[in-house]
Visitor: 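One structure, pasted below without further comment.
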Amino acid sequence: MRVVLIDDDALVVVSLKAILEANADIEVVAMGHSGEEAINLYEQYKPDVLLMDIRMNGMSGLSAGEEILGKHNDARILYLTTFMDDEYIVRALNIGARGYILKQDFEGIVPALMAVAKGQSVFGQDIVEKLPCLMSKKEAFDYKRFNLTDKEFEIMEELAAGESNKEIATKLFLSEGTVRNYISTILEKLELRDRTQLAIFYYKNKDNSVN
């Protein structure tokens, strides 16, 4: 896995590089210290994952991520920060970041990178628990315009509540394969990438749904 590492603290960059490259499957191909460098290095190396801080001198990691994802919607950006600010979390989710983890959880950095490289999204449980209040909206929202069936909407509710495919299948008297097929259809209809984005989508709109 090829990683570009961005943090405005030079000591943090060196330390992270050592931690990551202790794993034989990870290569840090470039390092930078600002949002501007993140953009340039992403364009130059097209890494499997861009691991980036949020608060930096000059352009922030969020602004850099937004610009990168605006040009490369398949970019896999994992934010690594010490800050749990609601504003940062919401913006990271909205721009399409693949993950948001805390530096304090250094043992979870490598597993998070591995998951993001495989196309998964990684957000800590403490962040997921914030979603219902973080993603609230004022305007009414109609799920019916996406042509979701009642069963699809029900499955989306269960998934957003954190239920596994097996748990959903048991509760709704379906097979796990049927649940997987339903989820694939829901993601396609809503043009979403994965279960995490689906849960975010649900919580962002549920309190204002006219469904």
Visitor: Could you tell me whether the side chain of S184 and the main chain of R180 form a donor-acceptor pair under 3.5 Å?
Guide: yes

Visitor: Determine the minimum heavy-atom distance between L69 and A75, stating which atoms define it.
Guide: CD2-O, 3.5 Å

Visitor: Could you grab the distance from atom CZ of R2 to atom CD1 of I26, nearest 0.5 Å is fine?
Guide: 13.5 Å

Visitor: For E43 and K46: C-alpha separation, side-chain torsions, deciding distance, then whether salt bridge (charged side-chain N to carboxylate O under 4.0 Å, His left out) applies.
Guide: CA-CA 6 Å; E43 291 291 344; K46 298 296 192 302; 3.4 Å; yes

Visitor: Does a side-chain heavy-atom distance below 4.5 Å link L187 with L198?
Guide: yes

Visitor: So if you build clusters from Ile, Leu, Val, Met, Phe, Trp, Tyr with side-chain heavy-atom gaps below 4.5 Å, do I6 and V14 land together?
Guide: no

Visitor: Roughly how far, to the nearest 0.5 Å, is CD of E152 from CG of N147?
Guide: 9.0 Å

Visitor: From L172 CG over to T178 OG1, what is the distance, rounded to the nearest 0.5 angstrom?
Guide: 11.0 Å

Visitor: Same cluster for F146 and I186 if Ile/Leu/Val/Met/Phe/Trp/Tyr side chains link at under 4.5 Å?
Guide: yes

Visitor: Less than 6.0 angstrom separating the ring centers of Y182 and F153, yes or no?
Guide: no

Visitor: Taking the side chain from Q44 and the backbone from N40, do they hold a donor-acceptor pair closer than 3.5 Å?
Guide: no

Visitor: Any side-chain to backbone donor/acceptor pair from S60 onto M56? Under 3.5 Å, distance only.
Guide: no

Visitor: Would you confirm whether R98, through its side chain, and G119, through its main-chain N or O, come within 3.5 Å as a donor-acceptor pair?
Guide: yes

Visitor: Which heavy atom in Q120 sits nearest to a heavy atom in D194, and how many Å separate them?
Guide: C-OD2, 4.4 Å

Visitor: Quick one about R193 and N73 (side-chain donor to acceptor, distance below 3.5 Å, no hydrogens or angles considered), yes or no?
Guide: no

Visitor: Does atom CD (E191) have a neighbourhood of more than 12 heavy atoms from anything else shown, all under 6.0 Å?
Guide: no

Visitor: For a side chain to side chain donor-acceptor pair (under 3.5 Å) with K103, tell me which candidate from T82, T81, D7 qualifies.
Guide: D7

Visitor: Report the distance from atom NZ of K189 to atom CE of M156, rounding to the nearest 0.5 Å.
Guide: 10.5 Å

Visitor: Which value, rounded to the nearest 0.5 Å, describes the distance between E176 atom CD and E167 atom CD?
Guide: 10.0 Å

Visitor: Does the side chain of Y100 reach to within under 4.5 Å of the side chain of I54, using non-hydrogen atoms?
Guide: yes

Visitor: For a quick test of reading the model, state the closest non-hydrogen atom pair linking N57 to S34 and the distance between them.
Guide: O-CB, 4.1 Å

Visitor: Distance check, rounded to the nearest 0.5 Å: I168 atom CD1 versus L159 atom CG?
Guide: 5.0 Å

Visitor: Can you name the residues that form a ring-ring contact (aromatic ring centres under 6.0 Å, His included) with Y42, not counting sequence neighbours?
Guide: H72

Visitor: Which pair of heavy atoms, one from G65 and one from Y79, lies closest together, and at what distance?
Guide: CA-OH, 3.5 Å

Visitor: Which heavy-atom pair separates G32 from V13 by the least distance, and what is that distance?
Guide: O-CG2, 4.0 Å

Visitor: Which heavy atom in E107 sits nearest to a heavy atom in P111, and how many Å separate them?
Guide: O-CD, 3.4 Å

Visitor: Taking K171 first and then E158, would you say they form a salt bridge - that is, a charged N and a carboxylate O separated by under 4.0 Å?
Guide: yes

Visitor: Determine whether R91 and S63 make a side-chain contact, defined as any pair of heavy atoms from C-beta on separated by less than 4.5 Å.
Guide: yes

Visitor: Do L62 and R55 come within less than 4.5 Å of each other through their side chains, counting heavy atoms only?
Guide: no

Visitor: Using modelled atom types and a 3.5 Å cut-off, is there a donor and acceptor pairing between side-chain atoms of E27 and backbone atoms of M1?
Guide: no

Visitor: For I68 and L50, what are the C-alpha separation, side-chain angles and deciding distance, and is it a side chain to side chain contact (heavy atoms under 4.5 Å, CB included)?
Guide: CA-CA 10 Å; I68 291 168; L50 173 60; 3.5 Å; yes

